[in-house]
Amino acid sequence: MADESATPPVPRLEVRNLTKTFAGVAVLENASLTIAPGEVHALVGQNGSGKSTLIKLISGVYSADPGGEILLDGEHIGPPIKAKALHGQGLSFVHQDLGLVPDLSVRDNVRVGRHAVNPITRRIRTSEDAVAVGETLKYLHTDIAPSAKVSTLLPSERVAVAVARALQDRTPGTGVVVFDESSRAIPHEALPAFYDMIRLLTSQGTAVLFVSHNLKEVLEIADRATVLRNGRVVETGIPTAGLDEAELTGLVLGRAAELGDIMETLPPAPRPETVEFVDVSGGRVEGVSAAIRRGEVVGFTGTVDSGLSDLGPLLGGDRRGTGKVKLGGRVVDLARARVVDLLDAGIAFIPADRHDKGVALELTVEENATLPHLRSRGKPWWTGFKWQRAETEGIIERFDIRPPNPTMPVAAMSGGNQQKVLLGKWLLGTPDLLVLDDPTQAVDVGARHAILTASRQAAADGSAVMVCSAEVEDLAAICDRVLILQDGRIVREMTRPFDADTVLSAIFTVDDAAHALLSAPTPASEA
Ligand SMILES: Nc1ncnc2c1ncn2[C@@H]1O[C@H](COP(=O)(O)OP(=O)(O)OP(=O)(O)O)[C@@H](O)[C@H]1O
């Protein structure tokens, strides 16, 4: 029987009643959670539920409204949080993009801001830095040379460098590391090493706060979870051991998840006309040719160095390359076409880097959502506004954009909601070719389903849809075919039936025999 008189262990991190208000609106209200030493604690919630706000309060980027408290090992550390003192106090952060500078050495990336310095000359003591970095890397069971340039490292090694920066100068087993959507930046092949590293940290006593939209991953790696909804903690410290994905999805969305089978609702219906790309090259992509039928969704996938991240931008005019796209009797020369030419030809591209390239932050939701359709919906002498409001409201409802306000500047929305606005504006048109690059990054489980359904619906409405993604679950959920890239070329074609596991293993088991290049722009084989 448990000894009821025993004092409960002091939490490693305790957040008590944190509130944050912007312009009179509370975006986080009385948020509390505790994390024990050695625990992986997940923070989950829909886009706009307040996760980033909570992390920014803990990291001192935002100052909390009066009243709350943050404690580390029982010691009050804020508010106010002194951001510069946090690392020394035991709290460090690994952000979404890992925050590494590829052209700098491992040593400089780890030590940036914390260099050993000669007190008299103020010169950096590089050898002292290298020894310190080497020790931290050894603790993480890696033997990366501190002098190596980060750009030469494998993805799993880059993760180790980011974690080493978070851990340096710490006694092993102490402190808290916050991983803020970090796994999204980590390619499939490096994820097992990442999870092993987290387990190594927690096995020694370090606590981990793990923010993620990937609920499968949360169930795999986290011991307990806290769920935010509309700025409030609705569940905290629930053990993940007793949960399944549907239950956790229900907690995140606040309703029973109706994530039906998209292929069943919108079954394959390829049309005879095709969109073809011929000999597309640029970046790591070398001479890719393929054909997509209207009505068809074709996935492109591969490892991080396969050329996958270059293919979408080449076709969308975001990266200069060569090759041709043939659609509806037109031939677009990618070497010459400007973005406006591609749009005129009926090619819509939704970039992966949506924050920088896709959305006009200073404009409202309505302006962003309807801008590309002004010409097609309006009359030459009058564009009107009712259709704009009606379409924007449709997008808001369909993608569950929060807050549901068409006149809100996009800059004031959470990252995931900004993504939804951009996706909504293109997905609700019917371009001849729709190119989606990593469409579900940073969006919550409900929006992911809405985006995948809308992609499939765009095909049903007559678009040829191309999805470039490393998210094998997404590809299995909506694609008629999947083409696998390796070394910039298509090396394998998969037709249904397939599932996420078969696609994933195909990415990693492409053998030399499969290198018979699918060079001819042949339409779907079942035609
Ligand atoms: N600087 C700001 N000014 C006004 N409102 C803001 C600001 N930053 C965030 N918000 C609002 O706070 C709410 C919570 O946003 P937050 O970024 O914390 O959500 P999130 O859970 O991290 O979402 P996501 O998963 O999309 O990143 C949102 O409604 C957002 O519009």
Side-chain angles (χ1 to χ4, degrees), residues 15 18-33 41-65 68 93-97 178-185 209-215 217-218 225-236 248-249 251-254 352-356 358-359 361-366 368-369 395-396 399-424 438-451:
V15 170
L18 285 187
T19 295
K20 180 67 187 170
T21 308
F22 288 110
V25 179
V27 300
L28 194 70
E29 267 189 284
N30 286 322
S32 299
L33 60 88
H41 194 109
L43 181 63
V44 294
Q46 267 186 289
N47 296 127
S49 58
K51 303 177 299 296
S52 306
T53 304
L54 180 55
I55 300 300
K56 284 175 180 163
L57 293 177
I58 298 173
S59 60
V61 175
Y62 291 158
S63 45
D65 294 1
F93 298 81
V94 176
H95 292 291
Q96 193 173 52
D97 59 0
V178 179
F179 290 94
D180 189 1
E181 285 269 359
S182 320
S183 45
R184 192 71 212 200
L209 178 57
F210 192 83
V211 185
S212 177
H213 282 298
N214 182 338
L215 302 185
E217 168 183 76
V218 164
T226 288
V227 185
L228 280 171
R229 211 183 301 140
N230 298 327
R232 288 169 179 269
V233 172
V234 289
E235 292 281 352
T236 189
L248 188 53
T249 302
L251 288 172
V252 166
L253 297 179
D353 189 0
R354 296 188 262 279
H355 201 261
D356 280 353
V359 79
L361 289 173
E362 68 286 1
L363 299 185
T364 64
V365 176
E366 181 169 284
N368 267 286
I395 291 171
I396 286 173
F399 297 101
D400 197 9
I401 292 172
R402 310 269 179 108
N405 177 0
T407 61
M408 184 165 182
V410 168
M413 307 191 98
S414 78
N417 281 300
Q418 293 178 1
Q419 312 255 16
K420 295 184 198 175
V421 172
L422 180 79
L423 284 148
D438 198 5
T440 59
Q441 66 166 299
V443 298
D444 62 54
V445 56
R448 172 177 171 264
H449 194 262
I451 288 163

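Both ligands and their constituent atoms are indexed starting at 1 by order of listing.
Looking at Lys420 and Asp444, a side-chain N of the basic residue comes within less than 4.0 Å of a carboxylate O on the acidic one, giving a salt bridge.
Geometrically, ligand 1 and Ala442 share no nitrogen or oxygen pair separated by less than 3.5 Å.
The two residues Thr364 and Thr407 have their closest heavy-atom pair at CG2-O, 3.3 Å. Of all heavy-atom pairs between Glu217 and Ser212, the closest is OE1-OG, 2.7 Å. Of all non-hydrogen atoms in Lys51 and Val44, the two that sit nearest each other are CD-C, 3.8 Å. Contact detail for Gly231 and Leu228: the closest heavy-atom pair is C-CD2, 4.4 Å.
With ligand atoms numbered from 1 in the order given, ligand 1 contributes 1 (N), 8 (N) to contacts under 4.0 Å with heavy atoms of Tyr62. Proximity to Met413 (heavy-atom distance under 4.0 Å) selects the following atoms of ligand 1: 31 (O).
With rounding to the nearest 0.5 Å, the separation of CG in Asp180 from CG in Leu209 is 8.5 Å.
Within the structure, the closest approach of His213 to ligand 1 falls below 4.0 Å when heavy atoms are considered. Assignment of Gly50 to the shell around ligand 1 is supported, since a heavy atom sits closer than 4.0 Å. Using 4.0 Å as the threshold, Gln46 has a heavy atom nearer than that to some atom of ligand 1.
Proximity of Thr53 to ligand 1, defined as any heavy-atom pair under 4.0 Å, is shared by backbone and side chain alike.
Checking Ser414 against Asn47 by side-chain atom types alone, no donor-acceptor pair falls below 3.5 Å.
With sequence neighbours excluded, the residues forming a salt bridge (Lys or Arg N to Asp or Glu O under 4.0 Å) with Glu29 are Arg232, listed by chain and number. For Arg402, the salt bridge (Lys or Arg N to Asp or Glu O under 4.0 Å) test picks out Asp400, with sequence neighbours left out.
Annotation: atom 10 (N) of ligand 1 to nearest protein heavy atom, Ala412 O, 3.6 Å. Distance from atom 25 (O) of ligand 1 to its nearest protein heavy atom, with residue and atom name: Lys51 NZ, 2.8 Å. When only non-hydrogen protein atoms are considered, atom 27 (O) of ligand 1 lies nearest to Ser52 OG, 3.7 Å. For atom 11 (C) of ligand 1, the closest non-hydrogen atom of the protein is Val27 CG1, 3.6 Å. Summary of contacts: the protein heavy atom closest to atom 7 (C) of ligand 1 is Phe22 CE1, 3.5 Å.
The option with the heavy atom closest to atom 23 (O) of ligand 1, from among Gly48, Ala411, Gly416, is Gly48.
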